[in-house]
There are 2 protein chains.
Amino acid sequence: MRERNISDIRAFNRFYTNVIGLLDQHVLNSKYSLPEVRILYELYHQEDLTASDIITSIRIDKGYLSRIIRQFEKKKLITKAKSSTDARSLHLRLTKKGRSEFEVLNDASHNQIKDTLEPLTDAECDKLTRNMTEIQKILSKTQK
Amino acid sequence: MRERNISDIRAFNRFYTNVIGLLDQHVLNSKYSLPEVRILYELYHQEDLTASDIITSIRIDKGYLSRIIRQFEKKKLITKAKSSTDARSLHLRLTKKGRSEFEVLNDASHNQIKDTLEPLTDAECDKLTRNMTEIQKILSKTQK
DNA sequence: CTTAATTAGTTGACATAATCAACTAATTAA
DNA sequence: TTAATTAGTTGATTATGTCAACTAATTAAG
């Protein structure tokens, strides 16, 4: 009963864990950690998040996050501002420096994928991404 | 040029990093770490590996691996045997206990995927796994 | 309204995971 | 036969992540 599907999925998971591990290498060689980059990512794509918002979107301990935020502030990558509606929460925004730091990392990731696709034909690239969006669509049905 | 493909792939990577993170939860709640389970996996599927073989197949520091192996030995999960052809290398084998410990983890992973698939139709499951094997086929051409 | 419960974020103390370099011993290459 | 390489170990250290206790602000319950 779906045994074959299950083992195929598990094989894919092992395979893709490795793909992601390789792609993460360049981040690990940068001056930011993976969680740090994910946080910068969140702030880049949605200004004005609170620490709680970030906890909701990525799996991270609030104490750990708090320290990363403090570091970011010290490095002038973000600014904190007390919310006017809820004095407990802090609204976080990337500074100009923060945005540009993220963009460097982002461009590197982008180019890394571009290089990876280089040996493929356009048709293969399209097929690849269709498969990916299809997987997302299907798996989204499994967790609401 | 391929910008759309690249951003779709990156979106998939973020999505799937999260999927894998959720699936890894049960391992993190077990008494073994992710690298430990990967090592058990390797030994389960190919008896008689050396530490070097494992380093070749998974990305792990040899010192780190050496300590994990020592722990495994202490817990009677594996046995070490000096190679007759190369006295530097150690042939590693799971004990009966090692195999059964791995099987518990393995069954849990299996059932976790099974549960995940539960809300899907058979057709969706098949489509999902076809997409996955397709991705592996295409990415293998990019030489990793 | 007042008290209890909850939530946002901080901090200290730890635990776990991972890296690095120096080292021994065995093997292979020059 | 010496030099270089390889397998594995060990000590020291850093990076990463967890947990619980705590303050202050807000919301819910009676």
Side-chain angles (χ1 to χ4, degrees), chain A residues 17-18 20-22 24-43 46 48-75 78-93, chain B residues 17-18 20-22 24-43 46 48-75 78-93:
Chain A
T17 294
N18 192 48
I20 290 168
L22 290 169
D24 284 346
Q25 272 312 115
H26 92 272
V27 172
L28 298 174
N29 295 334
S30 81
K31 51 184 171 176
Y32 300 101
S33 69
L34 287 172
E36 282 169 351
V37 174
R38 287 223 60 188
I39 293 162
L40 291 176
Y41 176 89
E42 294 297 323
L43 290 169
Q46 203 180 333
D48 238 23
L49 292 172
T50 64
S52 288
D53 293 334
I54 293 174
I55 289 168
T56 309
S57 45
I58 71 182
R59 321 198 135 256
I60 191 167
D61 175 78
K62 61 184 178 171
Y64 186 24
L65 177 60
S66 175
R67 277 174 251 254
I68 290 174
I69 287 170
R70 192 169 55 203
Q71 267 188 296
F72 278 179
E73 215 188 357
K74 203 164 132 195
K75 290 180 189 162
I78 63 167
T79 54
K80 277 180 180 176
K82 273 225 165 78
S83 166
S84 53
T85 55
D86 185 342
R88 290 169 307 178
S89 34
L90 295 171
H91 287 268
L92 307 172
R93 310 194 97 230
Chain B
T17 294
N18 193 47
I20 289 169
L22 290 169
D24 284 345
Q25 272 314 114
H26 91 272
V27 173
L28 298 174
N29 295 334
S30 81
K31 51 185 169 174
Y32 300 101
S33 69
L34 288 171
E36 283 168 351
V37 175
R38 268 185 269 147
I39 293 163
L40 291 176
Y41 176 89
E42 294 297 324
L43 289 169
Q46 203 180 333
D48 238 23
L49 291 173
T50 63
S52 287
D53 292 335
I54 293 174
I55 289 169
T56 309
S57 47
I58 73 183
R59 316 194 139 260
I60 193 167
D61 174 78
K62 61 184 179 171
Y64 188 23
L65 177 60
S66 175
R67 278 175 250 254
I68 290 173
I69 286 170
R70 191 170 55 204
Q71 267 189 295
F72 279 179
E73 214 187 358
K74 203 165 131 194
K75 290 179 187 162
I78 63 168
T79 54
K80 276 181 181 176
K82 273 223 166 78
S83 166
S84 52
T85 55
D86 183 343
R88 291 170 305 176
S89 34
L90 296 170
H91 286 268
L92 307 172
R93 309 193 98 234

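Each chain gets a letter, A, B and so on, in the order its sequence line appears, and its residues count up from 1. As the structure is a prediction and not an experimental result, all values here were calculated from the model.
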Base-pairing mate for [N] - Watson-Crick or G-U, with both contacts under 3.5 Å:
| N | answer |
| --- | --- |
| C:dA29 | D:dT2 |
| D:dT18 | C:dA13 |
| D:dA7 | C:dT24 |

Take atom [atom1] of [X] and atom [atom2] of [N], then tell me their distance rounded to the nearest Å.
| X | N | atom1 | atom2 | answer |
| --- | --- | --- | --- | --- |
| A:Asp53 | C:dT7 | CG | P | 15 Å |
| A:Leu65 | C:dT10 | CG | P | 8 Å |
| A:Ile68 | C:dT11 | CD1 | C1' | 15 Å |
| A:Ile55 | C:dT7 | CD1 | C1' | 11 Å |
| B:Ile69 | D:dG8 | CD1 | P | 7 Å |
| B:Ile54 | D:dT9 | CD1 | P | 11 Å |
| A:Leu90 | C:dT7 | CG | C1' | 13 Å |
| A:Lys31 | D:dA15 | NZ | P | 15 Å |

Which letters describe nucleotides 18-28 of chain C, given B = protein heavy atom under 4.0 Å from base, S = only from sugar-phosphate, - = neither? SBB-----BS-
Under 4.0 angstrom between A:Ser52 side-chain N/O and C:dA8 OP1 or OP2: yes
Would you tell me if any nitrogen or oxygen in the side chain of B:Lys80 comes within less than 4.0 Å of OP1 or OP2 on D:dT9? yes
For B:Ser66, what residues pass the side chain to side chain donor-acceptor pair (under 3.5 Å) criterion, not counting sequence neighbours? none
Sub-3.5 Å donor-acceptor pair from the side chain of A:Asp53 to the main-chain atoms of A:Thr50, do we have one? yes
Stepwise, does the side chain to side chain contact (heavy atoms under 4.5 Å, CB included) test hold for A:Asp24 with B:Thr17? CA-CA 11 Å; A:Asp24 284 346; B:Thr17 294; 5.9 Å; no
Among D:dT10, C:dA8, D:dG8, which nucleotide sits nearest the side chain of A:Ser89? C:dA8
Under the side chain to side chain contact (heavy atoms under 4.5 Å, CB included) criterion, do A:Arg38 and A:Glu42 qualify, and how do the steps go? CA-CA 6 Å; A:Arg38 287 223 60 188; A:Glu42 294 297 323; 3.9 Å; yes
Looking only at non-hydrogen atoms, find the nearest pair between B:Pro35 and B:Ile68 and report the distance. CB-CD1, 4.4 Å
With sequence neighbours excluded, what pairs up with B:Asp48 under the salt bridge (Lys or Arg N to Asp or Glu O under 4.0 Å) test?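 By the salt bridge (Lys or Arg N to Asp or Glu O under 4.0 Å) rule, B:Asp48 matches B:Arg93.
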From B:Ile39 CD1 over to B:Ile78 CD1, what is the distance, rounded to the nearest 0.5 angstrom?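 The distance works out to 8.5 Å.
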